Number of protein chains: 2
Amino acid sequence: MAAAAAPAHASPAAEAWDLMAALMQRYGKARFMAAIAELGLSPPQAMALRMLRPEHPVPMSELAGALGCDNSNVTGIVDRLEDRGLVERRSAPHDRRVKMLVVTARGAEVRRRLAERLAAAPEPLARLGEDDQRALRDILRRALELAGER
Amino acid sequence: MAAAAAPAHASPAAEAWDLMAALMQRYGKARFMAAIAELGLSPPQAMALRMLRPEHPVPMSELAGALGCDNSNVTGIVDRLEDRGLVERRSAPHDRRVKMLVVTARGAEVRRRLAERLAAAPEPLARLGEDDQRALRDILRRALELAGER
DNA sequence: TATTGTTATACTCTATAACTATA
DNA sequence: TATAGTTATAGAGTATAACAATA
């Protein structure tokens, strides 16, 4: 099936955005689905494991915020990750309502393997010359800096 | 919550890929979810409507391929789009097993509004100078051309 | 025999609302 | 009263397997 939208972009930035979306759709999504299938994770489980950082416990509600879903969903997602021994719930010292999420050693290993599979640049970027690669990286760094990120 | 992965990239392309993923995650996803909520579409319904092009009927199985899911899922997704009058099933002339999907006038309008909301470049890209915007667009065009796309 | 789309089944994700235990 | 997390519920997406109609 062909691409989604018709051309005629409002600005070079809009066209770049469109091209980035196409790249993510065609390469990023396929790779993500393949990687999580290998590791036996569902998409939200994989996103949760990516968001959680080993050695940095966070409350359930913060994970819900990062995943952009309701707290009640996180209960089930974490249940299944915990069943597989990838994360643990711990009580918070200062507030007994809060449960802190901790990545286990096994979870950290799965998380590392996932990151490894997602890190490599896809073919269209990898094939670019060194100059283009660096220019692309530098422009994107500037974009995110301008927006106050990082 | 902080970003997902640790730094130390294998190449400028790998870092650029990481930055693009961050951009999509932080801006693309939020905008997509807001747009489909306004239009009353679920994520797969919206993806289906994006993939289908008015005036270009395609078989159910081709949509399944474009969505990267099983044929059996498409039955339900299309059922709900058809209930809302956004697409129609038509019989194919040459093979009576096949059903062709057609975007209705109403579906085309919803599809247009969706595309409109997703087309604008997000703030980090829009804030770049003209030179950077054009350079970014040109590099991405080259990347997709090299990979044999478009 | 093989293929297209549907149905049946089971599991996961999703939001909403009601509940608990804390604060 | 308000908040963190759970449970209950209902709707949607997902893959697998079995099926009907057609090729």
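In this text, all values refer to a predicted model and were calculated from it rather than measured experimentally. Per chain, numbering begins at 1; letters A, B, ... match sequence-line order.
If you measure from atom CG of A:L63 to atom P of D:dA4, you get 14 Å, rounded to the nearest angstrom. The separation between B:L81 atom CG and D:dG11 atom P is 18 Å, rounded to whole Å. One atom, CE of B:M100, and another, C1' of C:dT4, lie 12 Å apart when rounded to the nearest Å. Atom NZ in A:K29 sits about 13 Å away from atom P in D:dG13, given to the nearest Å. Note: CZ (A:R90) to C1' (D:dA4) measures 19 Å, nearest angstrom. Protein atom CZ of B:R84 is 11 Å distant from nucleotide atom P of D:dA12, rounded to whole Å. Between the P atom of C:dT7 and the CE atom of B:M60 lies a distance of 10 Å, rounded to the nearest Å. Whole-Å rounding puts the A:K99 NZ to C:dT20 P distance at 15 Å.
The stretch residues 70-83 of chain A participates, sequence neighbours left out, in these salt bridge (Lys or Arg N to Asp or Glu O under 4.0 Å) pairs: A:D79-A:R89, A:E82-A:R89.
A:V102 forms part of no hydrophobic cluster, judged by ILVMFWY side-chain heavy-atom separations under 4.5 Å.
For B:R134, the salt bridge (Lys or Arg N to Asp or Glu O under 4.0 Å) criterion is met by B:E130, B:D131, not counting sequence neighbours. Listed by chain and residue number, B:H94, B:V98, B:M100 satisfy the side-chain contact (heavy atoms from CB on, under 4.5 Å) test with B:A92 (two or more places apart in sequence, or in another chain). For B:A46, the side-chain contact (heavy atoms from CB on, under 4.5 Å) test picks out B:F32, B:I36, B:L41, B:L114, with sequence neighbours left out. With sequence neighbours excluded, no residue satisfies side chain to side chain donor-acceptor pair (under 3.5 Å) with B:R96. In this view, B:E55 satisfies the side-chain contact (heavy atoms from CB on, under 4.5 Å) rule with no residue, not counting sequence neighbours. With sequence neighbours excluded, the residues forming a side chain to side chain donor-acceptor pair (under 3.5 Å) with B:D132 are A:R142, listed by chain and number.
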Item to check | Protein proximity profile, nucleotides 18-23 of chain D - base contact B, sugar-phosphate-only contact S, no contact -, cut-off 4.0 Å on heavy atoms | outcome: ---BBS
Item to check | Protein proximity profile, nucleotides 12-18 of chain C - base contact B, sugar-phosphate-only contact S, no contact -, cut-off 4.0 Å on heavy atoms | outcome: SSBBBB-
Show me the donor-acceptor pairs within less than 3.5 Å that the side chains of residues 117-128 of chain A make with the rest of the protein, sequence neighbours left out.
from: A:R117; atom 1: NE; to: A:E38; atom 2: OE1; distance (Å): 3.2
from: A:R117; atom 1: NH1; to: A:R113; atom 2: O; distance (Å): 3.3
from: A:R117; atom 1: NH2; to: A:E38; atom 2: OE1; distance (Å): 2.8
from: A:E123; atom 1: OE2; to: A:R127; atom 2: NE; distance (Å): 3.4
from: A:E123; atom 1: OE2; to: A:R127; atom 2: NH2; distance (Å): 3.1
from: A:R127; atom 1: NH1; to: B:L146; atom 2: O; distance (Å): 3.1

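The terminal axes of the helix from C:dG5-D:dC19 to C:dA23-D:dT1, fitted over 5 pairs per end, subtend an angle of 0° to the nearest 10°.
Atoms CZ and CG, on B:R50 and B:L67 in that order, are 12.0 Å from each other to the nearest 0.5 Å.
Note on A:R89: every side-chain N or O is 4.0 Å or more away from OP1 and OP2 of D:dA4.
Residue contacts for B:S61: at a heavy-atom cut-off of 4.0 Å it reaches the sugar-phosphate backbone alone, with no base atom in range.
A donor-acceptor contact shorter than 3.5 Å is absent between the side chain of A:R111 and the backbone of A:R106.
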